[in-house]
Amino acid sequence: MVKKDQYNVAVAGATGAVGRKMLEILEQRKFPVANLKALASARSVGQALPFNGNSLAVEELKDDSFEGVDIALFSAGAGVSHQFAPAAVKSGCVVIDNSSAFRMEPEVPLVVPEVNPDAIGDNPGIIANPNCSTIQMVVALKPIHDKYKIKRVVVSTYQSVSGSGQKAIDELQNQTKNILAGKAAEPDVYPHQIAFNCLPHIDNFLDSGYTKEEMKMVNETQKILGDSSIRISPTTVRVPVFYSHSESINVETVGPINAKEVRELLSGMDGICVVDNPESNEYPLAIDSEGRDEVFVGRIRDDISCENAINFWVVSDNLHKGAALNAVQIAEYLVKPR
Ligand code: NAP
Ligand code: 3JN
């Protein structure tokens with residue numbers, strides 16, 4: 001992409017949980033923005049969003065919204081991305097898409113900057129941001145795969161409600177208040193009460209019995225690590241936590257592996273923070289990772305049931321590194337001199 005001092009940026013889905021984070025992170029990281037367009041549905045026209053000390057008037061996302069835009073960050077769902085991203089690219093901008101719309105298209109790079117920045121290439125049209133559960137897992141898996149070659153991964157997730165958007169955040173808050181006040185808790189976003197509960201169900205079920213979220217973790221991980229021989233067995237679970245996803249991960253490798261070496265290996269990696277002092281009750285927690293850039297790893301231990309295998313616990317803010325920050329890091333990669 002043509003290098004400039006400042007770039008015209010659009011955020012499609014700017015009023016959503018991810019879109020608002022994108023504005024916050026572009027501002028915090030001083031992304032060189034000339035002009036920022038906040039785009040959402042017609043329902044939000046008239047709203048204003050704060051950015052760099054100014055108030056941005058939300059505009060309706062339309063076919064001609066991307067004229068003169070250099071970089072567009074999309075987080076308005078796969079349908080909106082399918083409808084508008086190709087036209088945005090035609091009008092000359094690079095689209096960084098947070099939805100699943102194009103992730104598995106062979107010609108679309110699926111990127112986590114700490115893991116596979118080179119996948120971006122020189123002339124990307126659309127760059128896909130992986131699913132949040134995939135992002136935090138591959139950041140931890142990449143150094144392990146490079147050193148030991150991963151054969152198999154068994155992962156269970158504990159995903160916060162913010163992964164389902166603003167309405168789900170409100171639902172957990174309202175249900176919790178109602179239940180504590182002795183009132184009924186009506187489910188709306190989820191098929192069951194989420195307060196004081198765990199739902200082993202994220203996204204739709206497929207004929208295989210797995211959910212779409214689970215298969216995103218399988219397919220996206222293989223694509224990002226460039227290795228379709230890695231076998232992955234996921235179970236994704238929604239838990240009554242507002243922000244940050246946690247994951248229990250078991251990794252089996254081709255050759256010998258041990259917890260001590262992995263602790264040292266991960267401690268030196270960009271984007272990873274090892275928190276692993278169980279003797280003083282120190283391990284990664286959802287509440288500590290809120291708003292943080294890093295992927296936190298702890299409880300690293302040898303698998304007592306299997307040779308060449310280890311267990312660990314990974315936590316990261318799903319709206320931050322799992323969505324908005326990863327997208328902004330991709331934008332930073334595009335504009336930095338190479
Ligand atoms: P959200 O809080 O429900 O926000 C949805 C956003 O999309 C709002 O800004 C909404 O605008 C906008 N939108 C919806 N329909 C639109 C339309 N027809 N035209 C223009 N804008 C439209 O959801 P969210 O949590 O921010 O997530 C948004 C999307 O980001 C998800 O659907 C998903 O594809 C992606 N996402 C990715 C990850 C990840 O794992 N990387 C994580 C979470 C989300 P209004 O306010 O005007 O309705
Ligand atoms: O549920 C979560 O914790 C993550 C949700 C991600 C999500 C939600 C709605 C639609 C996605 C995604 O990023 O895969 C999508 C989608 O774009 O398909």
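Below, all heavy atoms of this structure are taken into account, side chains as well, without hydrogens, waters or symmetry copies. Residue indices begin at 1 and follow the sequence shown. As the structure lists them, so they are numbered: ligands from 1, and atoms in each ligand from 1.
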Do any N or O atoms from the side chain of K37 and from the backbone of S65 form a donor-acceptor pair under 3.5 angstrom? yes
Looking only at protein heavy atoms, which one is nearest to atom 21 (N) of ligand 1, and what is the separation? S41 N, 3.3 Å
Before signing off on this row, confirm whether S100 and ligand 1 have an N or O atom pair separated by under 3.5 Å. no
Y7 and F31 aromatic ring geometry - parallel, tilted or perpendicular at 30°/60° bounds: tilted
For each nitrogen or oxygen atom of ligand 2, which protein N/O atoms lie closer than 3.5 Å, and how far apart are they, rounded to 0.1 Å?
{"from": "ligand 2", "atom 1": "1 (O)", "to": "G163", "atom 2": "O", "distance (Å)": "3.4"}
{"from": "ligand 2", "atom 1": "1 (O)", "to": "R238", "atom 2": "NH1", "distance (Å)": "3.3"}
{"from": "ligand 2", "atom 1": "1 (O)", "to": "R238", "atom 2": "NH2", "distance (Å)": "2.6"}
{"from": "ligand 2", "atom 1": "3 (O)", "to": "Q159", "atom 2": "NE2", "distance (Å)": "2.9"}
{"from": "ligand 2", "atom 1": "3 (O)", "to": "R238", "atom 2": "NH1", "distance (Å)": "3.0"}
{"from": "ligand 2", "atom 1": "3 (O)", "to": "H245", "atom 2": "NE2", "distance (Å)": "2.9"}
{"from": "ligand 2", "atom 1": "13 (O)", "to": "R103", "atom 2": "NH2", "distance (Å)": "2.7"}
{"from": "ligand 2", "atom 1": "14 (O)", "to": "R103", "atom 2": "NH1", "distance (Å)": "2.8"}
{"from": "ligand 2", "atom 1": "14 (O)", "to": "R103", "atom 2": "NH2", "distance (Å)": "3.4"}
{"from": "ligand 2", "atom 1": "14 (O)", "to": "N131", "atom 2": "ND2", "distance (Å)": "3.3"}
{"from": "ligand 2", "atom 1": "14 (O)", "to": "K216", "atom 2": "NZ", "distance (Å)": "2.6"}
{"from": "ligand 2", "atom 1": "17 (O)", "to": "S100", "atom 2": "N", "distance (Å)": "2.8"}
{"from": "ligand 2", "atom 1": "17 (O)", "to": "S100", "atom 2": "OG", "distance (Å)": "3.4"}
{"from": "ligand 2", "atom 1": "18 (O)", "to": "S100", "atom 2": "OG", "distance (Å)": "2.5"}
{"from": "ligand 2", "atom 1": "18 (O)", "to": "K216", "atom 2": "NZ", "distance (Å)": "3.2"}

Can you check which of A101, S99, S81 brings a heavy atom nearest to atom 34 (O) of ligand 1? S99
List the closest protein heavy-atom neighbour of atom 2 (O) of ligand 1: residue, atom name, distance to the nearest 0.1 Å. A17 N, 2.9 Å
Would N318 count as a polar contact of ligand 1, with the cut-off being nitrogen or oxygen pairs under 3.5 Å? no
Would you please name every residue forming a salt bridge (charged side-chain N to carboxylate O under 4.0 Å, His left out) with K223, sequence neighbours left out? none
May I have the step-by-step check of salt bridge (Lys or Arg N to Asp or Glu O under 4.0 Å) for D188 and K167, ending in yes or no? CA-CA 9 Å; D188 176 23; K167 278 190 183 152; over 6 Å; no
Are the side chain of D303 and the backbone N or O of S305 linked by a donor-acceptor pair below 3.5 Å? yes
Minimum distance, heavy atoms only, to atom 23 (O) of ligand 1: which one of G13, A168, G165, G19 is it? G165
Going through the distances and angles, do L26 and F51 end up as a side-chain contact (heavy atoms from CB on, under 4.5 Å)? CA-CA 9 Å; L26 286 166; F51 182 70; 3.9 Å; yes
Under 3.5 Å, is there a donor-acceptor pair between the side chain of D227 and the main chain of S229? yes
I'd like to know whether ligand 1 has P130 as a neighbour, heavy-atom separation below 4.0 Å. yes
Numbering the atoms of ligand 1 from 1, which are under 4.0 Å from a heavy atom of S44? 45 (P), 46 (O), 47 (O)
Those residues that, when tested against E282, pass salt bridge (charged side-chain N to carboxylate O under 4.0 Å, His left out) (two or more places apart): none
Got a donor-acceptor contact below 3.5 angstrom from the R20 side chain to the G13 backbone? no
Residue R299 excluded, over 12 heavy atoms near CZ under 6.0 Å: no
Option of least heavy-atom distance to atom 11 (O) of ligand 1 (set: N98, T15, V18, V11): T15
Element-labelled atoms of ligand 1 that are located less than 4.0 Å from some non-hydrogen atom of G77: 29 (C), 32 (O), 34 (O)
Numbered atoms of ligand 1 (with element) below 4.0 Å of S75, judged on heavy atoms: 6 (C), 7 (O), 28 (C), 29 (C), 30 (O)
Evaluate Q166 for polar contact with ligand 1, using N/O atom pairs at a separation under 3.5 Å. yes
Quick test: of every protein heavy atom, which one is nearest to atom 5 (C) of ligand 1, and how far off is it to 0.1 Å? G16 CA, 4.2 Å
Does the N or O separation between A323 and ligand 1 drop below 3.5 Å for any pair? no
Residue, atom and distance of the protein heavy atom nearest atom 40 (O) of ligand 1 read C132 N, 2.5 Å
Between S244 and S289, does a side chain to side chain donor-acceptor pair (under 3.5 Å) hold up when you go through it step by step? CA-CA 7 Å; S244 292; S289 72; 2.7 Å; yes
State whether a side-chain donor-acceptor pair under 3.5 Å links S133 with Q159. yes
Purely on distance, is any nitrogen or oxygen of L319 under 3.5 Å from one on ligand 1? no
Assess the side chains of S164 and R238: does a donor N or O sit below 3.5 Å from an acceptor N or O? yes
In this structure, atom 15 (N) of ligand 1 is nearest to the protein heavy atom R43 NH2, 3.7 Å
Against heavy atoms of G322, which atoms of ligand 1 measure under 4.0 Å? 39 (C), 40 (O), 41 (N)
Nearest option to atom 12 (C) of ligand 1, as decided by whichever heavy atom of A76, A14, S65 sits closest: A76
Partners passing salt bridge (charged side-chain N to carboxylate O under 4.0 Å, His left out) against K147 (at least two apart in sequence or in another chain): E261
Which is it for V80 and ligand 1 at heavy atoms under 4.0 Å: side chain, backbone, both or neither? side chain
Around atom CD of E332, are there more than 12 heavy atoms of other residues, nucleotides or ligands at under 6.0 Å? yes
Within 4.0 Å of some non-hydrogen atom of L61, the atoms of ligand 1 are 20 (C)
Does T211 reach the main-chain N or O of I202 with its side chain, forming a donor-acceptor pair under 3.5 Å? yes
